[in-house]
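Encoded as structure tokens, the structure appears first; notes follow it.
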Amino acid sequence: MKDIVLLYDNCCIYEIVILNYFLKCTGSDLMFCTIDGKTAKAMEGYCIQADAALQDIGLSEVRSFIVPGGETANIDQETVYDCLRILNGMGALVAGICAGVDVLDKAGLLKNIRSTKSGDFDCIRDGNIVTARANAYVDFAIEAAKALDLFEDEADLQETIAFWREFKRA
């Protein structure tokens with residue numbers, strides 16, 4: 001099963017870097033996609049080559065789909081919303097942070113669920129959807145990783161929380 005990050009020009013990479021780290025460290029099949037399969041230039045100045053175009057992703061193989069924040073007008077397209085609705089219906093984890101939450105909202109995924117749009121939450125998971133504010137990128141990574149069962153056990157989870165959220169040395 002694949003874990004997909006939707007990249008686009010002026011997306012915020014810092015918001016998803018810890019989650020990407022968790023995915024790679026646990027052997028996940030992480031892929032970057034863009035709408036057209038071409039390079040995306042992130043807000044931080046990084047150019048990231050996509051592994052695939054969105055239309056070439058086999059949705060039946062997707063375990064999670066992550067939408068970072070940024071200037072989301074670049075992905076304000078029905079093809080993105082259709083993809084999100086299909087994945088949500090299949091039970092894949094759909095996660096958005098910062099303006100990525102707006103993309104999930106425009107796709108209609110946040111109706112009748114708890115999200116950063118519906119309440120005063122920094123990061124929250126409701127079913128298979130995780131939403132977070134930009135400054136909650138550590139909690140976003142941990143919550144998505146919990147949903148994907150990336151931690152070996154409770155001790156691994158607590159060690160991760162202590163390191164990333166509480167800044168305790170390993």
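We use all heavy atoms of the structure for the numbers below, so side chains are in, but hydrogens, waters and symmetry mates are not.
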Flag side-chain contact, heavy atom, 4.5 Å: [X] against [Y]:
X    : Y    : value
F163 : E159 : no
I75  : L6   : yes
V103 : L84  : yes
I142 : Y137 : no
L54  : T34  : no
C123 : V130 : yes
D139 : R165 : yes
K146 : F151 : yes

Counting only N and O atoms by type, is there a donor-acceptor contact under 3.5 Å from the side chain of [X] to the main-chain atoms of [Y]?
X    : Y    : result
D29  : M1   : no
T160 : D156 : yes
R133 : F121 : yes
Y8   : P68  : yes
D51  : F32  : yes
E44  : I13  : yes

Would the number of heavy atoms belonging to other residues, nucleotides or ligands and lying under 6.0 Å from OH of Y14 be above 12? yes
Does a sphere of radius 6.0 Å around CD in Q49 hold more than 12 heavy atoms from other residues, nucleotides or ligands, not counting ones at 6.0 Å or beyond? yes
Of all the heavy-atom pairs spanning [X] and [Y], show the shortest one and how long it is.
X    : Y   : result
F140 : G96 : CE1-O, 3.6 Å
E15  : G69 : OE1-N, 2.8 Å
M90  : S60 : CE-CA, 3.6 Å
A53  : I35 : CB-O, 3.8 Å
V5   : I16 : CG1-CD1, 3.4 Å
N74  : Q77 : O-NE2, 4.0 Å

In the single-linkage hydrophobic clustering (I, L, V, M, F, W, Y; side-chain heavy atoms under 4.5 Å), do [X] and [Y] co-cluster?
X    : Y    : answer
I57  : V80  : yes
L93  : Y21  : yes
M31  : Y46  : no
I124 : V101 : no

Supply the atom-to-atom distance [X] [atom1] to [Y] [atom2], rounded to the nearest 0.5 angstrom.
X   : Y    : atom1 : atom2 : value
I97 : C12  : CD1   : SG    : 9.0 Å
F22 : L30  : CZ    : CG    : 13.5 Å
T39 : I48  : OG1   : CD1   : 9.5 Å
I4  : C83  : CD1   : SG    : 8.5 Å
L59 : Q55  : CG    : CD    : 11.5 Å
F65 : I129 : CZ    : CD1   : 13.0 Å

Walk me through it: do L23 and I66 pass the test side chain to side chain contact (heavy atoms under 4.5 Å, CB included)? CA-CA 12 Å; L23 289 164; I66 297 111; 4.3 Å; yes
Side-chain donor-acceptor pair present, N128, N88, cut-off under 3.5 Å: yes
Considering only distance and modelled atom types, tabulate donor-acceptor pairs under 3.5 Å from the side chains of residues 106-117, sequence neighbours left out.
unit_1, atom_1, unit_2, atom_2, d
S115, OG, K117, N, 3.1
S115, OG, S118, N, 3.3
K117, NZ, D102, OD1, 2.5

Would you call R63 and D3 a salt bridge, using N to O less than 4.0 angstrom? yes
